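The model shown is predicted, which means the values in this text are computed figures rather than measured ones. Chain A is the first sequence line, chain B the second, and so forth, proteins listed ahead of strands; every chain is numbered from 1.
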Amino acid sequence: MLAEPSPRQLDEALARRSGGATLVEATGLTPAAEELERMLGVSEAIASLPVSPPDPGAKVRIRSEYVRSGEARRSAWVHHHSLPIRPAKHRIPSHPFRWTFTVGLALVLALVAGTTLAMAAQLAEPDNAQLYPLKLNTEKMLVATGRTPTGRANVRIELATQRYRDAEAMAAKGKGGLAVQAIKAYYDQLRAAGVELERAPRDAGWKSVRASYLKAETKQNDVIVNQLLNSGQKNAVKSIQAQESQFAKDRKVIDAKLSLVTQPNPGANPQPLPSGARPQPAGSPTP
Amino acid sequence: MAPPAVDDRSERELILRAQRYEAEALADLFEKNFDPLQRYVTTIVGVEGRAEEVLRLVFLKALESLPKFRRYETGFAPWLYRIANSILTEKSRAAAAAAAEPLPEGAGPARLRQAIARLTPDQHEVLCLRFIAGLPATTVARATGRRTGQVLALQHRALLALGRSLDPLPVEDAAEAS
């Protein structure tokens with residue numbers, strides 16, 4: 001039994017042999033020299049195995065099949081990499097808050113869009129046919145949200161002031177019809193505010209709102225009338241003056257009721273206004 | 001047989017293009033590797049007819065596995081040699097029954113080739129890459145995903161097994177045949 005060299009010894013002997021050393025030099029004086037020599041001999045026999053001469057025909061045949069297969073794979077590769085939509089290998093994992101988030105986001109977007117539109121509508125004037133009706137509807141909702149008669153009266157006074165400004169703007173633009181409608185809405189809001197104040201308990205808040213009411217009802221239409229006259233709109237002036245005189249009559253009744261010092265009976269019905277005006281709903285001009 | 005150039009940037013680009021199955025790149029790879037691979041395979045199998053079949057299978061298998069190729073640093077040729085080894089050892093297993101029979105009488109290339117074919121697939125691979133392809137042990141290690149020590153051990157066991165199965169030594173006969 002021959003002594004076996006280690007793999008490292010064999011590799012070193014192979015390196016020496018390939019470097020030009022003789023077999024004896026390559027194997028050295030080790031107990032495994034004989035086995036090393038035998039293994040080197042085998043390796044050299046393998047390295048010097050005869051090579052068959054190349055067959056040109058074989059190369060042509062193999063190349064032809066190889067090219068055909070390559071072209072087919074190229075077509076498949078292009079198709080595979082050019083599909084515009086491919087199904088996902090893994091579905092998107094569902095999350096318990098996924099739908100909550102989606103609905104919440106939709107609500108937030110709707111709220112933002114609605115708020116933006118409402119804010120834009122608040123700047124609209126009666127000659128804006130798209131946004132002005134939205135503004136009036138928003139104002140109706142604003143009145144409806146008032147919890148107490150005093151609160152609703154306060155809102156109506158604010159709206160009456162806004163209508164008066166609308167009338168001024170329309171008169172300045174020479175739009176008599178819209179100015180008349182705005183003035184009518186102004187008086188209607190004042191009448192409705194008067195009814196609300198009449199039924200409201202007389203407290204500190206009531207007194208404050210009543211003061212606002214008295215201030216709002218004493219606005220003069222002189223500027224509006226003059227502007228309409230300057231633009232030659234006599235019919236509109238006549239309508240406004242008729243509205244003004246009608247409200248002057250109603251105002252006396254309302255003022256008389258609001259000047260009462262005693263607390264009203266909560267169950268008593270408010271007395272109808274002489275002109276038949278109703279607190280709900282207040283008339284609004286339409287463009 | 002000279003070892004193939006490794007870490008070649010142009011070859012890497014060529015392989016990357018071939019991985020997209022660009023016809024020109026595939027043709028270039030074929031032309032560059034066919035002759036060395038033919039020498040490698042015919043050295044191992046010895047019979048031209050069988051070599052053609054093995055070469056055909058090697059290139060078709062290479063086309064199929066090309067997108068998975070990642071060993072750019074060791075080059076394309078060792079990868080083809082490994083595919084050839086895989087096909088050759090598979091064929092050898094198919095003829096496993098023959099392994100029980102004694103080696104042919106006499107000493108010559110045919111006897112040596114048959115002895116090599118009876119090695120384990122790992123020994124067969126390392127031995128062919130080292131002594132037929134002429135690759136250094138470190139390159140064989142990188143190309144086959146082994147440590148250099150493992151390659152040296154496999155080389156050692158393969159040569160030991162061959163030396164004991166071939167008696168008398170085929171050195172002189174093989175030299176004569178070459």
Side-chain angles (χ1 to χ4, degrees), chain A residues 1-15 17-19 23 27 32 34-82, chain B residues 1 18-23 26-27 30-31 34-35 38-39 42-48 51-52 55-56 58-60 62-64 66-67 109 112-113 115-116 127-128 130-132 134 137 149 151-160 162-164 166 169-175 177-178:
Chain A
M1 184 76 180
L2 296 173
E4 282 185 18
S6 69
R8 185 65 63 183
Q9 279 180 310
L10 172 64
D11 193 52
E12 288 167 358
L14 285 168
R17 183 73 173 138
S18 63
L23 270 178
T27 55
E34 195 176 345
E35 187 69 65
L36 263 179
E37 191 173 335
R38 181 186 174 109
M39 292 165 86
L40 289 178
V42 173
S43 71
E44 286 166 15
I46 296 169
S48 58
L49 274 171
V51 181
S52 301
D55 177 10
K59 184 173 181 179
V60 171
R61 286 190 293 273
I62 294 169
R63 192 181 196 284
S64 171
E65 187 172 355
Y66 168 82
V67 167
R68 271 203 315 276
S69 180
E71 285 170 356
R73 288 186 182 278
R74 171 69 182 173
S75 302
W77 187 90
V78 170
H79 178 70
H80 183 73
H81 288 79
S82 63
Chain B
M1 189 178 296
Q19 285 180 318
R20 297 194 293 270
Y21 293 108
E22 291 181 18
L26 291 175
F30 182 88
E31 292 298 335
F34 183 83
D35 290 343
Q38 187 181 41
R39 282 195 296 275
T42 53
T43 302
I44 295 172
V45 300
V47 182
E48 183 62 32
E52 181 176 344
L55 286 166
R56 192 182 72 84
V58 169
F59 278 104
L60 293 181
L63 272 182
E64 183 186 337
L66 201 49
L112 181 55
R113 288 190 181 106
I116 292 170
L127 200 79
C128 292
R130 283 284 284 123
F131 301 113
I132 297 176
V151 170
L152 295 183
L154 283 167
Q155 163 188 284
H156 176 265
R157 284 199 295 273
L159 287 177
L160 205 59
L162 280 180
R164 288 175 182 172
L166 296 168
L169 290 176
V171 179
E172 296 81 5
D173 299 297
S178 64

Undergrad: Heavy-atom distances under 4.5 Å only: say whether B/L154 touches chain A with side chain, backbone, both or neither.
TA: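 Looking at B/L154, nothing touches chain A.
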Undergrad: Is the backbone N or O of A/L23 less than 3.5 Å from a side-chain atom of A/T27, with the two atoms forming a donor-acceptor pair by type?
TA: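 Confirmed, A/T27 side chain pairs with A/L23 backbone.
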Undergrad: Go through the atoms of B/R20 and report whether side chain, backbone, both or neither lie under 4.5 Å from a heavy atom of chain A.
TA: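 B/R20 touches chain A through backbone and side-chain heavy atoms alike.
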Undergrad: Do you know which of A/Q9, A/R8, A/R61 has the most heavy-atom pairs under 4.5 Å to chain B?
TA: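 Most heavy-atom pairs within the cutoff with chain B belong to A/R61.
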Undergrad: Any carboxylate oxygen within less than 4.0 angstrom of a Lys/Arg side-chain nitrogen, looking at A/E37 and A/R17?
TA: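 Salt bridge between A/E37 and A/R17, a charged N being under 4.0 Å from a carboxylate O: no.
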Undergrad: Fit a plane to each ring of B/F34 and B/F59, take the angle between them on a 0 to 90° scale, and name the class: parallel (under 30°), tilted (30 to 60°) or perpendicular (over 60°).
TA: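 Ring orientation, 0 to 90° scale: parallel.
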Undergrad: Taking B/G163's backbone N and O only, do any of them form a donor-acceptor pair with A/R38's side chain (distance below 3.5 Å, no angle check)?
TA: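 Looks like yes, one N/O pair under 3.5 Å.
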Undergrad: B/A27 versus chain A, heavy atoms under 4.5 Å apart: side chain, backbone, both or neither?
TA: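 Looking at B/A27, backbone and side chain both touch chain A.
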Undergrad: With a 4.5 angstrom heavy-atom cut-off, could you sort out which part of A/S18 is near chain B: side chain, backbone, both or neither?
TA: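 Interface part for A/S18: neither.
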Undergrad: Which one of A/A76, A/G70, A/A47, A/G57 has the most heavy-atom pairs closer than 4.5 Å to chain B?
TA: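 Highest number of pairs under 4.5 Å: A/G70.
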Undergrad: Decide whether B/R39 and B/T43 meet the rule of one side-chain donor and one side-chain acceptor closer than 3.5 Å.
TA: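 The criterion, which ignores hydrogens and geometry beyond distance, is not satisfied for B/T43 and B/R39.
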